[in-house]
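Worksheet: one structure, shown below.
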Amino acid sequence: MDAVPMTLAERLSAIDRSIADAARDAGRDPSEITRIVVTKFHPASLVRELHALGVREVGENRQQELSAKSAELADLTDLHWHFIGQAQTNKAGAVRRAARVVHSVDRKKLADSLDRAAFDDSILDVLIQVNLTDDPGRGGIVSAELETFAEYILDLPTLALKGIMAVAPLDEEPARAFSRLRGYAERLQGLAPEASWISAGMTGDFAEAINAGATHLRIGSAITGPRPAQG
Ligand SMILES: *Cc1c(COP(=O)(O)O)cnc(C)c1O
């Protein structure tokens, strides 16, 4: 991109053009890629502006912020909230009430809590987060656990396993990390063909993610502008 465009609408359309270009470069159809706008630390008013620009998929990484903003914007009934952060099991109910998709399921206790928090007949879409780093402190399962964890989630009646999610490590070429992720996605689909989503790609690496097969991009600052200081 050249100079940072001035308005939210301009930034949004510039990113969408870049997504479409990256998709075509990768021989993919841009329409098979979902762009989620990550709105963390920004006020609900910004989410409302995004909605007016046609955005329907938004992402948050903290439960309290997800709950507060989704309550404030409850009138926007066609807005879908994606939870992309670390969830505490005792907050699973609050996450489930606000989010349509949880990208960051990485342990049995959390999967159980989300399942038990079902409040009506609805099914919650979930993704397995995989850790692409060597640091066990980062979110995500280690890849060796993928099949057993997937089987576990598939047995939970109120969750629908849709695919896999990851964040690229800071100290590795994103393309390399995402090619591992693609391998994990293929393993998962061998077990659960319907679990075909790959949630990967942020402001700095979405072109590499698209090239590696990402179906869901989580893009924040390139669209929203810099995040306000954490409160
Ligand atoms: C904040 C965040 C993003 C978006 O990051 P940007 O670099 O602002 O695009 C994506 N995924 C997760 C898990 C995040 O926490």
Side-chain angles (χ1 to χ4, degrees), residues 1 4-5 8 10-19 22 33-44 46-47 49-50 53 55 57-70 80-88 91 95 98-107 110 114 125-133 135 137-141 162-175 177-178 180-181 184-185 197-231:
M1 258 189 317
V4 179
L8 186 62
E10 285 166 348
R11 289 193 300 265
L12 184 65
S13 56
I15 286 298
D16 285 347
R17 279 195 303 277
S18 302
I19 292 171
I33 296 169
T34 302
R35 176 255 298 124
I36 299 160
V37 183
V38 178
T39 52
K40 64 188 184 201
F41 309 150
H42 288 280
L46 181 116
V47 182
E49 280 179 67
L50 286 164
L53 294 170
V55 170
E57 313 296 324
V58 293
E60 289 289 337
N61 75 336
R62 297 192 299 188
Q63 173 270 320
Q64 276 185 311
E65 209 176 326
L66 168 74
S67 296
K69 282 187 208 165
S70 63
H80 300 153
W81 295 89
H82 295 250
F83 186 69
I84 62 175
Q86 296 308 299
Q88 292 172 294
K91 295 292 162 38
V95 168
R100 149 142 340 189
V101 187
V102 177
H103 290 231
S104 42
V105 181
D106 63 356
R107 52 197 200 281
L110 176 59
L114 287 168
D125 289 342
V126 298
L127 306 179
I128 294 176
Q129 184 174 355
V130 182
N131 187 352
L132 296 177
T133 75
D135 174 1
R138 303 287 297 267
I141 62 162
K162 298 300 252 189
I164 202 162
M165 177 271 209
V167 177
L170 293 172
D171 58 355
E172 185 183 5
E173 280 293 312
F178 290 147
R180 281 202 303 290
L181 181 63
Y184 305 153
W197 297 10
I198 302 177
S199 166
M202 314 184 1
T203 289
D205 56 22
F206 66 84
E208 290 90 342
I210 289 169
N211 200 39
T215 62
H216 291 68
L217 313 175
R218 308 177 310 267
I219 303 183
S221 44
I223 295 171
T224 61
R227 284 185 272 278
Q230 256 181 280

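What you see below is based on every heavy atom in this structure, not just the backbone, and it leaves out hydrogens, waters and symmetry mates. Atoms within each ligand, like the ligands themselves, are counted from 1 in listed order.
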May I have a table of the N/O to N/O pairs between ligand 1 and the protein that fall below 3.5 Å, each row giving the two atom names and the distance to 0.1 Å?
unit_1	atom_1	unit_2	atom_2	d
ligand 1	8 (O)	Ser221	N	2.8
ligand 1	8 (O)	Ser221	OG	2.9
ligand 1	8 (O)	Arg227	NH1	2.8
ligand 1	8 (O)	Arg227	NH2	3.3
ligand 1	9 (O)	Thr203	N	2.9
ligand 1	9 (O)	Thr203	OG1	2.5
ligand 1	9 (O)	Gly220	N	2.8
ligand 1	11 (N)	Arg218	NE	2.9
ligand 1	15 (O)	Lys40	NZ	2.7

Exercise for the section: Calculate, to the nearest 0.5 Å, the distance between atoms CD1 and NE2 belonging to Ile84 and His216 respectively. Expected result: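 Separation between the atoms: 13.0 Å.
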Problem - CG-CD distance between Leu217 and Glu57, expressed to the nearest 0.5 angstrom - result: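 The CG atom of Leu217 sits 12.0 Å away from the CD atom of Glu57.
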Problem - Closest non-hydrogen atom pair, Ala200 against Leu181 - result: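 Result for this residue pair: CB-CD2, 3.7 Å.
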Problem - Main-chain N/O of Glu65 paired with Lys40 side-chain donor or acceptor, under 3.5 Å - result: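 Such a contact is absent between Lys40 side chain and Glu65 backbone.
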Practice task
Using salt bridge (Lys or Arg N to Asp or Glu O under 4.0 Å) as the criterion, list what pairs up with Arg35, not counting sequence neighbours.
Solution key: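 Result, salt bridge (Lys or Arg N to Asp or Glu O under 4.0 Å) vs Arg35: Asp16.
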Handout entry: Positive for side chain to side chain contact (heavy atoms under 4.5 Å, CB included) with Glu60, one of Val95, Leu66, Val38
Key =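 Of all the options given, the one that passes is Leu66.
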